[in-house]
Participant: 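Shown below is the structure under consideration.
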Amino acid sequence: MSDETPLTTPFTARTTAAEILDGVDLTGRRMIVTGGASGIGVETVRALAGAGAEVTVATRNPAGADELVAEFAGPGPGVVRAAALDLADLASVDAFIEGWDGPLHALVANAGIMAIPTRQLTPQGWELQLGTNYLGHFALARGLHDSLRAAGSARVVVVSSGAHRREPFDFDDPQFARQPYDPWSAYGRSKTADVLLAVGIARRWAADGIVANALNPGFINTNLQRHMTEETLRSFGVLDEAGNRIDLPYYKTPAQGAATTVLLAASPLLEGITGRYFTDNQETEVVAGGPEATHGVAAHALDPANADRLWAYAEQTLTSR
Ligand SMILES: NC(=O)c1ccc[n+]([C@@H]2O[C@H](COP(=O)([O-])OP(=O)(O)OC[C@H]3O[C@@H](n4cnc5c(N)ncnc54)[C@H](OP(=O)(O)O)[C@@H]3O)[C@@H](O)[C@H]2O)c1
């Protein structure tokens with residue numbers, strides 16, 4: 001967080017993505033939402049296109065976005081397209097960048113995977129959660145830099161998670177090459193890296209008219225939890241007697257879960273704001289972090305020195321692929 005007063009908005013945790021953009025006209029704005037074909041990504045796309053934007057859903061399976069594309073195929077101002085992108089494979093990221101033409105007003109780094117039970121590797125040999133959640137998005141943002149600059153004023157939004165609080169990025173063993181693999185550590189570290197990605201962009205690309213912010217969407221029942229065992233889900237209290245998923249009282253709907261993303265991507269209230277972290281549509285209090293931390297944004301995720309060190313690590317890792 002900057003030294004300035006934390007940014008507040010009139011919205012709450014229950015505000016929906018569409019309500020954030022009430023009265024906002026995004027006609028002529030071109031946007032990309034990674035992972036836009038499921039979960040909170042769908043509602044992010046729906047709200048942005050609903051306000052008139054031309055939104056590209058970047059997904060491993062473009063056919064999975066058919067319904068969303070059809071929803072905006074009529075004469076209304078918003079348009080939705082789908083394009084193939086596998087963030088875990090740099091060849092796919094490169095092909096997506098190659099296929100992008102013209103200015104880009106907002107890049108929403110929303111796709112993510114969580115708690116993969118065993119250490120899996122990407123085609124480039126990187127631990128899968130780090131490769132997908134962070135390195136793929138780093139490569140994508142860097143490759144689209146000129147398009148973001150060409151927009152004149154552009155925003156990068158990185159969807160992180162409260163899980164970032166549990167651990168700082170491990171610069172000594174980022175790929176779990178030496179230490180035992182832990183699914184939640186790998187997720188938490190990748191989400192710390194996501195916040196640091198926004199901070200790194202904010203530090204580098206401001207003169208190009210590009211801002212970047214990160215967020216925690218809250219708890220939403222989506223496909224994200226598909227790698228969690230029944231035992232873990234039960235310990236979280238989200239399975240009923242019959243084994244069906246239930247929403248806890250503080251869970252958000254996908255439309256509410258997409259609100260903070262949409263606020264950062266397109267609300268006039270965020271004009272010129274960069275390098276910050278938001279939860280429930282408000283800038284978030286900075287805390288010490290660690291496994292006991294239950295709210296706020298951990299200082300380790302906003303640290304400019306960490307952001308610079310991670311940027312250098314990512315550049316070097318991409319170069320040596
Ligand atoms: N739901 C929550 O409670 C919660 C809490 C905190 C943070 N988040 C974050 O919110 C974001 C969205 O998650 P969600 O809850 O909406 O889950 P979701 O429904 O599982 O959506 C995640 C999306 O990421 C995409 N994805 C996964 N691996 C990919 C890859 N290699 N290349 C391209 N796309 C890939 C998925 O595409 P496929 O359809 O191809 O799998 C899916 O569309 C994630 O970054 C997550 O970490 C969610």
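No experiment lies behind these values; they were computed from the predicted model shown. Whatever order the structure lists ligands and atoms in, that order sets their numbers, starting from 1.
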Participant: What are the two closest heavy atoms between Ala301 and Leu196, and how far apart are they?
Facilitator: O-CD2, 3.0 Å
Participant: Should one rank Gly257, Gly218, Ser160, Ser161 by closest heavy-atom distance to atom 4 (C) of ligand 1, which comes out on top?
Facilitator: Gly218
Participant: Using non-hydrogen atoms of the residue, decide whether Gly64 is closer than 4.0 angstrom to ligand 1.
Facilitator: no
Participant: Which of the numbered atoms in ligand 1 are below 4.0 angstrom from a heavy atom of Phe219?
Facilitator: 3 (O)
Participant: For ligand 1, does Thr132 get within less than 4.0 Å through its side chain, its backbone, both, or neither, judged by non-hydrogen atoms?
Facilitator: side chain
Participant: Please state which protein non-hydrogen atom is closest to atom 34 (N) of ligand 1 and give its distance, to 0.1 Å?
Facilitator: Ala111 CB, 3.6 Å
Participant: Between Arg165 and Thr294 (side chain of the first, backbone of the second, donor and acceptor by atom type, cut-off under 3.5 Å), is there such a pair?
Facilitator: yes
Participant: Using a 4.0 Å cutoff against the non-hydrogen atoms of Val159, which atoms of ligand 1 qualify?
Facilitator: 9 (C), 10 (O), 11 (C), 45 (O)
Participant: Give me the nearest non-hydrogen protein atom to atom 8 (N) of ligand 1 as residue plus atom name, then the distance to 0.1 Å.
Facilitator: Pro217 CG, 3.5 Å
Participant: Using a 4.0 Å cut-off to any heavy atom of Asp86, which atoms of ligand 1 qualify?
Facilitator: 30 (C), 31 (N), 32 (N)
Participant: Heavy-atom contacts with Ala88 under 4.0 Å: which atoms of ligand 1 show up? List them by number with element.
Facilitator: 31 (N)
Participant: Does Asn61 reach ligand 1 with a nitrogen or oxygen that is under 3.5 Å from one of the ligand's nitrogen or oxygen atoms?
Facilitator: no
Participant: Could you list the atoms of ligand 1 found under 4.0 angstrom from a heavy atom of Ile113?
Facilitator: 27 (C), 28 (N)
Participant: Would you kindly specify which portion of Tyr187 sits under 4.0 Å from ligand 1, judged on non-hydrogen atoms: side chain, backbone, both or neither?
Facilitator: side chain
Participant: Taking atom 21 (O) of ligand 1 as the point of reference, which of Gly36, Ser38, Gly39 owns the nearest heavy atom?
Facilitator: Ser38
Participant: Non-hydrogen atoms of Lys252 versus ligand 1: any pair closer than 4.0 Å?
Facilitator: no
Participant: If we ignore hydrogens and angles and just use 3.5 Å, is the side chain of Thr15 paired with the main-chain N or O of Thr12 as donor and acceptor?
Facilitator: yes
Participant: Is there a donor-acceptor pair under 3.5 Å between the side chain of Arg119 and the backbone N or O of Phe176?
Facilitator: yes
Participant: Are Phe169 and His300 close enough that their ring centers fall under 6.0 Å?
Facilitator: no
Participant: Out of Val158, Val108, Asn213, which residue meets the side chain to side chain contact (heavy atoms under 4.5 Å, CB included) rule with Thr261?
Facilitator: Val108
Participant: Purely on distance, is any nitrogen or oxygen of Ala58 under 3.5 Å from one on ligand 1?
Facilitator: no
Participant: If the test is side chain to side chain contact (heavy atoms under 4.5 Å, CB included), which one of Leu87, Val159, Asp194 qualifies with Asn133?
Facilitator: Asp194
Participant: Checking the side chain of His137 only, and the main-chain atoms of Tyr134 only, is there a donor and an acceptor separated by less than 3.5 Å?
Facilitator: no
Participant: Taking the six-membered ring for Trp, are Tyr313 and Phe171 ring centroids under 6.0 Å apart?
Facilitator: no
Participant: Tell me the closest heavy-atom pair linking Val45 and Gly36, and the distance in Å.
Facilitator: CG2-O, 3.8 Å
Participant: For ligand 1, which atoms have a heavy atom of Asn223 less than 4.0 angstrom away?
Facilitator: 19 (O), 20 (O)
Participant: Parallel, tilted or perpendicular: which one describes the rings of Trp100 and Phe96, with boundaries at 30° and 60°?
Facilitator: parallel
Participant: Considering only protein heavy atoms, which is closest to atom 44 (C) of ligand 1, and at what distance to one decimal place?
Facilitator: Asn110 O, 3.1 Å
Participant: Is ligand 1 under 4.0 Å from a heavy atom in the side chain of Arg226, in the backbone, in both, or in neither?
Facilitator: side chain
Participant: Has Arg204 got a side-chain atom pairing as donor or acceptor with Gly200's backbone, closer than 3.5 angstrom?
Facilitator: yes
Participant: So, Glu315 side chain and Ala312 main chain: donor-acceptor pair closer than 3.5 Å or not?
Facilitator: no
Participant: Starting from atom 23 (C) of ligand 1, which protein heavy atom do you reach first, and at what distance in Å?
Facilitator: Gly35 CA, 3.9 Å
Participant: Using heavy atoms and a threshold below 4.0 Å, how should the contact between Thr34 and ligand 1 be classified: side chain, backbone, both, or neither?
Facilitator: neither
Participant: For atom 15 (O) of ligand 1, what's the nearest protein heavy-atom neighbour? Residue, atom name and distance, please.
Facilitator: Thr222 OG1, 2.6 Å
Participant: For atom 1 (N) of ligand 1, find the nearest protein heavy atom and state the residue, atom name and distance (0.1 Å precision).
Facilitator: Ile220 O, 2.9 Å
Participant: For Glu167, is there any backbone N or O sitting under 3.5 Å from a side-chain donor or acceptor partner on Thr192?
Facilitator: yes
Participant: In terms of residue, atom name and distance, what is the protein heavy atom nearest to atom 37 (O) of ligand 1?
Facilitator: Arg60 NH2, 3.9 Å
Participant: Quick one: look up the protein heavy atom nearest atom 24 (O) of ligand 1 and list residue, atom name and how far away it is.
Facilitator: Gly112 N, 3.1 Å
Participant: Between Lys252 and Pro217, is there a donor-acceptor pair closer than 3.5 Å when you use the side chain of the first and the backbone of the second?
Facilitator: yes
Participant: For Leu85, take its heavy atoms, then give the atoms of ligand 1 lying under 4.0 Å from any of them.
Facilitator: 32 (N), 33 (C)
Participant: Report the part of Ile40 (side chain from C-beta onward, or backbone N, CA, C, O) that has a heavy atom under 4.0 Å from ligand 1; answer both or neither where that applies.
Facilitator: both
